[in-house]
Amino acid sequence: MSRRPIHSHYVSLLLLACLGGAAPLLCSAAAGESASVYLEDLTSTELRERINAGATTILVPIGGTEQSGPYIALGKHNARARVLSGQIARGLGNAVVAPVLAYVPEGAIHPPAAHMRFAGTISIPDATFEALLEATARSFKQHGFRDVVFLGDHGGYQQNEVKVAARLNREWSADPACRAYALLDYYQVTQTSYVAELKRRGFSEAEIGTHAGLADTALAMAVDKSQVRVEAMAHGAKPGPAEGVHGDPRRATAELGQLGVQRVVETSVAAIRNLIRAREQGAAPTNNRK
């Protein structure tokens with residue numbers, strides 16, 4: 001069978017589609033540029049062209065490096081924040097995803113408290129974390145992004161996000177075309193409607209858990225199954241608080257986790273669109289609510 005080169009008319013059709021209003025990612029591919037939504041995959045020139053073409057929303061995924069018992073890897077939040085932010089960006093169509101922030105407050109280091117009692121957890125002071133968020137947002141505003149959205153995958157620093165967004169919006173009050181948001185809905189939906197759906201399917205609150213239990217583990221499996229030690233979990237005993245686990249992860253599946261993924265993505269896309277619409281209509285800054 002002969003190998004045929006890519007015909008010039010195929011490229012021409014793609015370019016015509018771009019001129020006709022086709023999706024920006026398709027047009028990027030036609031032009032030989034990266035179609036990725038992740039900032040790290042783009043060149044500076046490609047990013048500038050996207051911003052100039054209207055991609056002025058930047059999603060800042062915030063993870064964390066913390067223990068999740070014997071069956072989930074320490075980078076669970078980082079992997080989840082990156083994948084979910086990517087899906088949200090693709091749903092929005094005009095957004096770019098910043099590098100994941102993996103260093104977050106996790107409790108006192110000495111004497112160790114909370115997750116810091118377990119090997120591998122990394123903790124930074126609240127003030128350092130908030131300064132990091134502020135500098136990140138200011139950097140993106142400098143480059144032409146108008147909407148900076150913090151997406152926090154961990155419950156412990158949600159209010160830090162709110163404080164930072166409020167300070168930035170006061171600082172940017174003279175430039176109403178730019179806003180910062182702490183999208184609390186991104187995290188809260190995993191604690192509310194996702195948990196309610198798992199209960200509806202017959203799982204108990206004790207099994208669903210609050211950390212490294214069924215819900216948490218299922219989400220990790222849906223996003224990146226390599227983060228979960230599936231074989232060890234299937235044959236292992238139920239871990240408890242002494243091992244850093246609150247819940248029972250052993251019946252978790254990727255299919256159950258996908259229920260949460262869908263809710264996070266759909267809720268976040270709708271909330272961000274509403275926030276941007278409110279900014280464009282001149283509404284007062286808000287940190288989260290639709």
Side-chain angles (χ1 to χ4, degrees), residues 39 57-68 74-85 88-89 95-118 120-142 145-173 178-192 210-212 216 219 244 246 264 267-268 271-272 275-276 279 284-290:
L39 179 144
T57 299
I58 184 78
L59 308 182
V60 181
I62 310 168
T65 307
E66 67 173 27
Q67 72 82 26
S68 289
L74 290 154
K76 167 196 73 180
H77 283 303
N78 302 325
R80 196 153 70 201
R82 188 177 196 275
V83 171
L84 293 179
S85 294
I88 292 166
V96 178
V97 180
V100 176
L101 301 181
Y103 298 87
V104 306
E106 292 282 1
I109 296 174
H110 183 75
H115 295 310
M116 277 304 302
R117 296 177 294 117
F118 301 88
T121 303
I122 301 171
S123 187
I124 64 173
D126 284 8
T128 302
F129 175 65
E130 292 180 13
L132 177 60
L133 291 183
E134 288 180 15
T136 298
R138 291 187 187 110
S139 295
F140 288 130
K141 181 178 183 294
Q142 176 64 31
F145 286 102
R146 295 179 180 175
D147 299 286
V148 181
V149 185
F150 299 129
L151 301 177
D153 203 72
H154 183 300
Y157 49 67
Q158 298 290 305
Q159 290 307 307
N160 298 95
E161 296 175 50
V162 172
K163 292 177 184 177
V164 169
R167 284 200 293 266
L168 288 169
N169 286 327
R170 287 194 295 271
E171 177 184 315
W172 299 348
S173 60
C178 295
R179 296 270 176 87
Y181 313 95
L183 197 76
L184 304 189
D185 288 345
Y186 168 94
Y187 174 76
Q188 288 175 347
V189 72
T190 66
Q191 312 300 305
T192 53
T210 57
H211 181 73
D216 204 4
L219 278 172
H246 297 270
V264 170
T267 298
S268 298
I272 293 168
L275 289 168
I276 293 174
R279 172 185 60 74
T286 177
N287 288 329
N288 176 49
R289 289 300 167 200
K290 299 185 283 295

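Computed over heavy atoms, backbone and side chain alike; hydrogens, waters and symmetry mates excluded.
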Any side-chain heavy-atom pair of L84 and L219 under 4.5 Å: no
List for me each residue that meets ring-ring contact (aromatic ring centres under 6.0 Å, His included) alongside Y187, sequence neighbours excluded, and say none if there are none. none
Determine, step by step, whether H211 and E66 satisfy the side chain to side chain contact (heavy atoms under 4.5 Å, CB included) criterion, reporting the C-alpha distance in whole Å, the side-chain angles of both residues, the deciding distance to 0.1 Å, and the verdict. CA-CA 11 Å; H211 181 73; E66 67 173 27; 3.0 Å; yes
Strictly by side chain to side chain donor-acceptor pair (under 3.5 Å), give each pair with a member in residues 96-117 just once, sequence neighbours left out. Q67-H115, E106-H154
Hey, does the side chain of H246 reach the backbone of T210 with a donor-acceptor pair shorter than 3.5 angstrom? no
Is it the case that N169 and Y181 place a side-chain donor and acceptor less than 3.5 Å from each other? no
Walk me through it: do T136 and V60 pass the test side chain to side chain contact (heavy atoms under 4.5 Å, CB included)? CA-CA 8 Å; T136 298; V60 181; 4.3 Å; yes
Residues A212 and S68: closest non-hydrogen pair is CB-O, 3.4 Å
Apply the side-chain contact (heavy atoms from CB on, under 4.5 Å) test between Y186 and each candidate in T267, I88, V149, L59; give the one that qualifies. I88
Counting N and O atoms only, with roles assigned by atom type, does the side chain of S123 sit under 3.5 Å from a partner on the main chain of A108, one being a donor and the other an acceptor? no
Counting distance only, does the side-chain N/O of S85 pair as donor-acceptor with the main-chain N or O of R82 below 3.5 Å? no
Please answer whether the main-chain N or O of I62 pairs with a side-chain N or O of Y157 as donor and acceptor at a distance below 3.5 Å. yes
With sequence neighbours excluded, tell me which residues meet side-chain hydrogen bond (donor to acceptor under 3.5 Å, both in side chains) with R146. none
